[in-house]
*Asks:* 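First, the structure itself, so that you have it in front of you.
Being a predicted model, the structure only gives us computed values, none of them experimental. Hydrogens, waters and symmetry mates are skipped; everything else that's a heavy atom, side chains included, is used.
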Amino acid sequence: MPDERAVELRIHGVSGGEAEELLDVEPAMRVSGDSLAGFFRWRRKPDTELEDDVPREIFAWGNLTSGRASRALWLLLFPFMLVNIAYWMRPGRPGDRPGRVRRIADGGYGTAVRLLALSLTMLLTLTAAGVGMDLVGWQCSGYSEKCAQLRPLLDFLSSPGSPMATPGWALAIGALLPLLVIAVLWQLSRRTESVYEVVEPPHRPLPHAKAPLSDPEFWQNSRTMGRLRSAHVAAAIAAVTTLLLAPALGYDRAADSPVAGTVLSVLVALTFTGSALSVLIPGTDPRWNGYADTLCRVLRDLALVLLAVTLLYVLLPRQGWEASGRLPGFDIGLNVLFAAQCALGVLLLVCAIVLYWGGSAHGGIALRGMAGPATAALGTLLGGVLTAAAVYQAAGMLGGCNYPGAQATDCIELRAPSAFAWLQLAFTMEVIIALVAAAALGIWMRGRTRREIGVVTALYQRDPGERRTRELARARAYGGITETLPAVLAAFLLPVIALIVLALYSVLTGRLSVAPEALEGPFTAVSGATGWIQGAVATMVTVGSWLGGLFLFVLVGIGSSAYRNRPTRQVVGVLWDIGTFWPRAAHPLAPPSYAERAVPQLVARVAGKTGRGIGVVLSGHSQGSVLAAAAAWQLPSRCRPLVVLLTHGSPLYRLYARYFPAYFGPRALGDLNGRVEHWRNLWRATDAIGGPIKAERDAGDGATEFVGFAEPLPDPRHFDPDEGEALPPPVLGHSFYTRDPAYTAAALAAVRKVARAPEVERLPRPVGPVVAADTAHRGADVEQEDQ
């Protein structure tokens, strides 16, 4: 458009809004980008004069998280995503010069999170190995004819006389399941890297210590993620190799021929150790990155070679070798993994405490800086619960003992690791806490609603006893529910703390033996307690087993529905819209970061417009405001006079500054305010997600000021129905900010600030139902904004 002087660029929020809906006009056409993330405009009509109108574009990025059917499979990676988020939740204040203790704590925080992420990869690998190698390859083959009769499909592994009915062949075939899981995750991570990660930034912004997101390489994470992916894959393959090697090595030691197996075990142990340590290599120096990448690829290839050699070693004929009991080494490996996770959780907590209390963090940080450890602990616990549910349900289905009316003579008892009982106990506790938290939130809502009735009465000058008054008060109370999230998150941490205390107590009192046959989890830990305590623990473990299985089946059902049904996939995609904003700096197999694709794409569009002298009103709603802020940080300094940031329903301060203080704190938001010509923020008291934004002033005294208005927009604008309407105006809450008259006024003022020609005074009129507004009030808004 050669006469273009300014453009309003809208960025939608979660759930993948359609371009036509957000443009208020249809049909829309894509003018840049592709089907995953693109820029759309309306089509000009021949009989329409729009020469004086300001063009409106929409950046539609929803398909990055909910477009393809394969996104439904990401549900199984939810624990990976939580741990990856925890990496970015470290407490701190950007721009502070850290002391030696804080530098050590910061390094310890990243180390703990990355090792926890690796432990989740190990846990997923052990889950598949527990089903394929332990239950099918070892235990089922140990039952011989009975397993073949019960499960005819496994006849070739357990029927006497079958060429594969030997422990070596059964283990090798069972190892195909964990190896398949590793291969799928490996390929999925590689494929999404080529779609989501941009290799080179389109422009070089001016970095600043106060704003880490202004680093031009912040969204270029593909090199670090590739190294982490190689390390995770190498460690997972080494774990499968160890489970293959342990039974054969044990038999060879009893037969006094352990040399070959011992050499292999040492090489596998060194490979696993090197892979685990390589996840801690920082990614700053390009030359160092090159050496680190080579090292991780060598470790990955070495792990594959050792796997092939181990398979040949295991398949060697051994006279009299039979499978019996549990798979050797599986229980001990699982318990060592759980112990390492507990130790890493404690380390993460200590580092977060040092970072919070040893620095100048702002006072609004959630959980006093403990939100990161809490999120990591919940992700680890959720991964363990899914693991326990998968293995227990597989044991029951393969053995047939968990079906109604099953007789002992008609089934075989395949045993799952007893250590999983800890996780089942914790899951029952979490369910109880969820019910208590729901009840507490209900009580809190009632009290908050009673307090808001007075506010609504004063705003609208109506009777507090009216039903409409109570409805509006309830909506305002719901708008404040976000402030209860830290308390709920802290409550969900209680089972994790209880498990750690109970496990330490059992170790200190000698009730927990290291022998695999004595590992009875919480049952052993409370063996000296009274009868009712033992009964309560047993009941909670049993309930947790069934709840975990139900949770797993529900998750699979939702994923299956999302795979077939796009609307369901869009609802599920809300999780990824919120949780996959951050790069995969901790867990390379987590769902990909859409911001690594969206932010550079936004920067290229805005920089291209401003480079031609066209002003841009960067308008972001909800999560779109976070993308807009990230893009503004990455813009070249020459763009500043031609860019206005307009946020509405924004969680930048309410959620991001509180939970990610090192990246979105008031100091960073103050730096963002200086990178654009003007910043205006709109919010409502009935909005449970968006809120006011406080940014630190340039005075250097640490004081903050509101961006835009400190007071919320009225919602609704009128108490009674408008003329010609039968129903009163609805409470909009988090929706339809662009249809509010205040948005039209703010956008009009923003265009005046960045348009080259003074005669550009109006935006395209919105199409569709618009809340009625007072013209005088709109004019006052514009006049105040111009001043």
Side-chain angles (χ1 to χ4, degrees), residues 70 73-81 83-84 114-138 170-194 225-246 264 267-279 293 295-312 314 327 329-330 333-334 337 380 383-384 386-387 390-391 394 584 586-592:
S70 59
L73 301 176
W74 290 357
L75 278 172
L76 300 177
L77 307 180
F78 186 63
F80 294 177
M81 184 193 74
V83 174
N84 191 71
R114 283 190 169 179
L115 288 178
L116 272 176
L118 180 63
S119 74
L120 282 181
T121 300
M122 294 297 99
L123 197 58
L124 180 61
T125 304
L126 290 179
T127 301
V131 177
M133 300 177 67
D134 183 22
L135 296 178
V136 175
W138 189 260
L171 282 176
I173 294 174
L176 293 178
L177 180 59
L179 292 176
L180 177 62
V181 170
I182 297 171
V184 169
L185 292 178
W186 186 2
Q187 181 60 29
L188 181 64
S189 179
R190 286 176 57 86
R191 189 180 68 178
T192 54
E193 178 185 5
S194 63
M225 192 194 67
R227 180 170 66 247
L228 287 175
R229 179 175 59 237
S230 296
H232 278 240
V233 169
I237 293 174
V240 176
T241 306
T242 301
L243 293 177
L244 273 172
L245 186 60
L264 273 176
L267 292 176
V268 171
L270 291 175
T271 303
F272 178 82
T273 303
S275 302
L277 293 178
S278 65
V279 304
D293 292 346
L295 172 64
C296 291
R297 286 196 298 268
V298 168
L299 288 172
R300 182 196 64 200
D301 297 339
L302 179 59
L304 289 171
V305 170
L306 290 175
L307 172 65
V309 175
T310 301
L311 282 172
L312 296 176
V314 170
L327 178 65
F330 187 77
L334 197 60
L337 181 63
T380 305
L386 292 176
T387 297
V391 176
R584 294 180 280 187
H587 206 306
L589 307 180

*Asks:* Once side-chain hydrogen bond (donor to acceptor under 3.5 Å, both in side chains) is applied, do any residues pair with T125, and if so which ones, sequence neighbours excluded?
*Replies:* none
*Asks:* Return a table of donor-acceptor pairs under 3.5 angstrom between the side chains of residues 269-277 and protein atoms on other chains or two or more places apart.
*Replies:*
{"from": "T271", "atom 1": "OG1", "to": "L267", "atom 2": "O", "distance (Å)": "2.8"}
{"from": "T273", "atom 1": "OG1", "to": "A269", "atom 2": "O", "distance (Å)": "2.8"}
{"from": "S275", "atom 1": "OG", "to": "T271", "atom 2": "O", "distance (Å)": "2.8"}

*Asks:* Quick one: which residue pairs count as a salt bridge (charged side-chain N to carboxylate O under 4.0 Å, His left out) with a foot in residues 116-137, not counting sequence neighbours?
*Replies:*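 As it turns out, the salt bridge (charged side-chain N to carboxylate O under 4.0 Å, His left out) pairs with a partner in residues 116-137, which skip direct neighbours, are D134-R326.
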*Asks:* Kindly write out the residues that satisfy side-chain hydrogen bond (donor to acceptor under 3.5 Å, both in side chains) with N84, not counting sequence neighbours, or none if the list is empty.
*Replies:* none
*Asks:* I'd like to check the ring-ring contact (aromatic ring centres under 6.0 Å, His included) partners of H232; sequence neighbours left out, ordered by chain and number.
*Replies:*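 Once residues adjacent in sequence are excluded, the partners of H232 under the ring-ring contact (aromatic ring centres under 6.0 Å, His included) criterion are H587.
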*Asks:* Counting N and O atoms only, with roles assigned by atom type, does the side chain of R114 sit under 3.5 Å from a partner on the main chain of V279, one being a donor and the other an acceptor?
*Replies:* yes
*Asks:* Search all heavy atoms of A303 against all heavy atoms of I237 and return the closest pair with its distance.
*Replies:*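 For A303 and I237, the tightest heavy-atom pair comes out as O-CG2, 3.6 Å.
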*Asks:* After noting the C-alpha distance and the side-chain angles of M133 and L327, does the key distance pass the side chain to side chain contact (heavy atoms under 4.5 Å, CB included) rule?
*Replies:* CA-CA 8 Å; M133 300 177 67; L327 178 65; 4.2 Å; yes
*Asks:* Measure the spacing between CG of L123 and OG1 of T380 and express it to the nearest 0.5 Å.
*Replies:*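 The distance works out to 9.0 Å.
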*Asks:* Is it the case that the side chain of R584 and the backbone of A590 share a donor-acceptor pair, with hydrogens and angles ignored and the cut-off at 3.5 Å?
*Replies:* yes
*Asks:* Among residues at least two apart in sequence or on other chains, which ones pass side chain to side chain contact (heavy atoms under 4.5 Å, CB included) with T127?
*Replies:* T387, A390, V391
*Asks:* Would you say that L120 contacts L124 through its side chain, given a criterion of any heavy-atom pair below 4.5 Å between the two side chains?
*Replies:*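 No; the side chains remain at least 4.5 Å from each other.
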*Asks:* Quick one: side chain to side chain contact (heavy atoms under 4.5 Å, CB included) partners of L126, sequence neighbours excluded?
*Replies:*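 Here the qualifying residues are L243, F330, L334, L337.
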*Asks:* Does I182 reach the side chain of V240, with side-chain heavy atoms less than 4.5 Å apart?
*Replies:* yes
*Asks:* What residues, two or more places apart in sequence or in another chain, satisfy side-chain hydrogen bond (donor to acceptor under 3.5 Å, both in side chains) together with S119?
*Replies:* Q341
*Asks:* Roughly how far, to the nearest 0.5 Å, is OG1 of T121 from CG of L116?
*Replies:* 11.0 Å
*Asks:* Can you pull out every salt bridge (charged side-chain N to carboxylate O under 4.0 Å, His left out) where at least one residue sits in residues 170-187? Sequence neighbours excluded, please.
*Replies:* none
